[in-house]
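Keep in mind that the numbers below use all heavy atoms, side chains included, and drop hydrogens, waters and symmetry copies. Every chain is numbered from 1 and lettered A, B, ... according to where its sequence line falls, protein lines coming before strand lines.
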Amino acid sequence: MAKELTTREENYSQWYNDLVIKADLAENSAVRGSMVIKPYGYAIWEKMQAALDTMFKETGHQNAYFPLFIPKSFFSKEASHVEGFAKECAVVTHYRLKNDGKGGVIVDEDAKLEEELIVRPTSEAIIWDTYRKWIQSYRDLPLLINQWANVVRWEMRTRLFLRTSEFLWQEGHTAHSTKDEAIKEAELILDIYGKFAEEWIGVPVLKGIKSPNERFAGANETYCIEALMQDGKALQCGTSHFLGQNFAKAFDVKYLTKENKLEYVWATSWGVSTRLMGALVMAHSDDSGLVLPPKLAPIQVVIVPIYRKPEQLEAIREKVDGITKELKTKNISVKFDDRDTYKPGYKFAEWELKGVPIRLAIGPRDLENGTIEIARRDTLEKEVLQMADIAEKIDHLLVKIQDNIYQKALAFRDENTFYADTWDEFKDRVEKGGFVLAHWDETPETEVKIKDETKASIRLIPIDGKQEEGKCIFSGAPSKQRVVFARAY
RNA sequence: CGGGGUAUAGCGUAGUCCGGUUAGCGCGCCUGCUUUGGGAGCAGGAGGUCGCAGGUUCGAAUCCUGCUACCCCGACCA
């Protein structure tokens, strides 16, 4: 049929692309590298937003909104920050079009801006320029702000959700009176990201810090969470940066201490993006389609009626109404798929493709026996249950599915996490995919050489990682701790 | 930005080499009837600036030139 998926084994990235499009999550747009997020995909993103937003607010953060445009001069105040983003910025130079006299339009050269505007690739610059006015005293701190926004990074090669020129994200920007407090904030957010990834998306993540090479432009330390995808490649799922006083100094943001001394503030910034949608798809889905964790599924239960005559459909509808009401009181989202244009087999396949966690089927046989067929998307198992307490049973099953998806992903990661102690072993392991823990001499030169030769980068240096004597896999120099290598998206 | 490829209906494609009827097919779509426990069947129907702009020719989807977009492989990245 038209909706056949490429299998993961045939071509993993083709499978991913097919899946995103056929499950109706997103599609390519007329604009290079920019996608249209379709209602079903956006509904998942909204669920992600809601969960994260709640966690941010529970930890004292507030939402605000800053401009899309950043004056070019603002953007160049923090040197390493510019360097990191300069190559991928969209720039606004004019503010008006005019007729070209041939039925088209051209840029009106008379409408040239005095100063070009940069479409934000991230908002540190405009936000820190604003914070200068907001912060005077230690009483104004900490300042804990988050913004939900779109940003633009002019990427060379793009892939739906994983890397698009424009993407949606949240970016937190906080200001603190002490270094310690700022570091604690960066760590707190990392914990929130980790919790969200594991408990909502159902993806186990490693937590750690980035090597200086992989650090955010303008940060003193970058904390991150990394997940392993089914093809053995790593995906960075979120980052939290300790920015030191870099932006405070660049934008002259100072506060008066209790002792009436003028000090620069300490900063963090942190973000997760629609890339999480990519992680969600790649971590759990199979050759039949999407597998959504119940906590993020826009539709948690779909009910497919099976009938011959209109009277049967009406009898089924009556039963279904009862079930639907009960499920709704338990905050479970239900869809009754009573479309007359498709047969049950088609609907089963379609809802599997879309990853709905639980499917109920109800037909004349069930009406007679007081039963209902229940099918799990994660295991594709079917079972006929007594109708009594069905809402209760579904409620429990959703919890079970959420857990099973996570356990499966965790088992996969464990099976694909390796230790390497020799260079040959290392190269061999990296080739096969997965996380590879190995010793590293802590020099950027070695890191770059390893990447050149194996395409594997240091995904993270584990926080509180086990201290053990070892020798760098590449240079043989002494090392005190293993770091995590992998090929990455 | 470098290398390779593609562009024909909503989607997938045939035709292009070697110019010549009304551009063909599958899926999807619309109407009707029959169907409905794992991707329904039959009948009828709608839908095309052949990526864009020039050129060659009696005649261009087909040949030539330029442009644009997209895909794959590298360098950049959440």
Looking only at N and O atoms, is any donor in the side chain of [X] or the base of [N] less than 3.5 Å from an acceptor on the other one?
X	N	value
A:E352	B:rG38	yes
A:R359	B:rG38	yes
A:K382	B:rG38	yes

Can you check the [X] [atom1] to [N] [atom2] distance for me, whole Å?
X	N	atom1	atom2	result
A:L360	B:rG37	CG	P	17 Å
A:Y342	B:rC27	OH	P	14 Å
A:Q312	B:rG37	CD	P	12 Å
A:R308	B:rU36	CZ	P	4 Å
A:D24	B:rG10	CG	C1'	13 Å
A:R339	B:rG28	CZ	C1'	14 Å
A:L367	B:rG37	CG	P	15 Å
A:I21	B:rC27	CD1	C1'	17 Å

Under 3.5 Å on both distances, the Watson-Crick or G-U partner of [N]:
N	value
B:rU68	B:rA7
B:rA23	none
B:rC33	B:rG41
B:rU16	none
B:rC50	none
B:rG59	none

On a whole-Å scale, what distance lies between the [atom1] atoms belonging to [N] and [M]?
N	M	atom1	answer
B:rG51	B:rA7	P	8 Å
B:rU8	B:rA14	P	11 Å
B:rC29	B:rU68	P	38 Å
B:rG24	B:rG47	P	13 Å
B:rU49	B:rU62	P	16 Å
B:rC1	B:rG20	P	38 Å
B:rA40	B:rA46	P	26 Å
B:rG39	B:rG28	C1'	14 Å

*Residue among A:Y223, A:F242, A:W169, A:F56 satisfying ring-ring contact (aromatic ring centres under 6.0 Å, His included) with A:W270*: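 By the ring-ring contact (aromatic ring centres under 6.0 Å, His included) criterion, A:W270 pairs with just one of A:Y223, A:F242, A:W169, A:F56: A:F56.
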*Under 4.0 Å between a side-chain N/O of A:K347 and OP1 or OP2 of B:rG37, yes or no?*
no
*asked:* On the six-membered ring of A:F336, is A:R317 placed so that its NZ or CZ lies under 6.0 angstrom from the centre and within 45° of the ring axis?
replied: no
_Donor-acceptor pair, distance only, cut-off 3.5 Å: does the side chain of A:T54 make one with the backbone of A:A50?_
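Checked: pair present.
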*Using atom types as modelled and distance alone, determine if a side-chain donor or acceptor of A:W15 lies under 3.5 Å from a backbone N or O of A:D286.*
yes
*asked:* By the 4.0 Å heavy-atom rule, please label A:P305 as base, sugar-phosphate, or nothing.
replied: nothing
*Just checking A:G271: base, sugar-phosphate only, or nothing, at a heavy-atom cut-off of under 4.0 Å?*
nothing
Between [X] and [Y], what is the shortest heavy-atom contact and its length?
X	Y	result
A:I70	A:A125	CG2-CB, 4.1 Å
A:S457	A:R459	OG-NH1, 2.6 Å
A:K77	A:A250	O-CB, 3.6 Å

_Under 4.0 Å protein heavy-atom contacts per nucleotide of nucleotides 71-78 of chain B, with B for base, S for backbone only and - for none_ = -SBBBBBB
*Just checking, any donor-acceptor pair under 3.5 angstrom between side chains of A:T7 and A:E9?*
no
_Stepwise side chain to side chain donor-acceptor pair (under 3.5 Å) check, A:N11 with A:T6_ = CA-CA 7 Å; A:N11 184 339; A:T6 305; over 6 Å; no
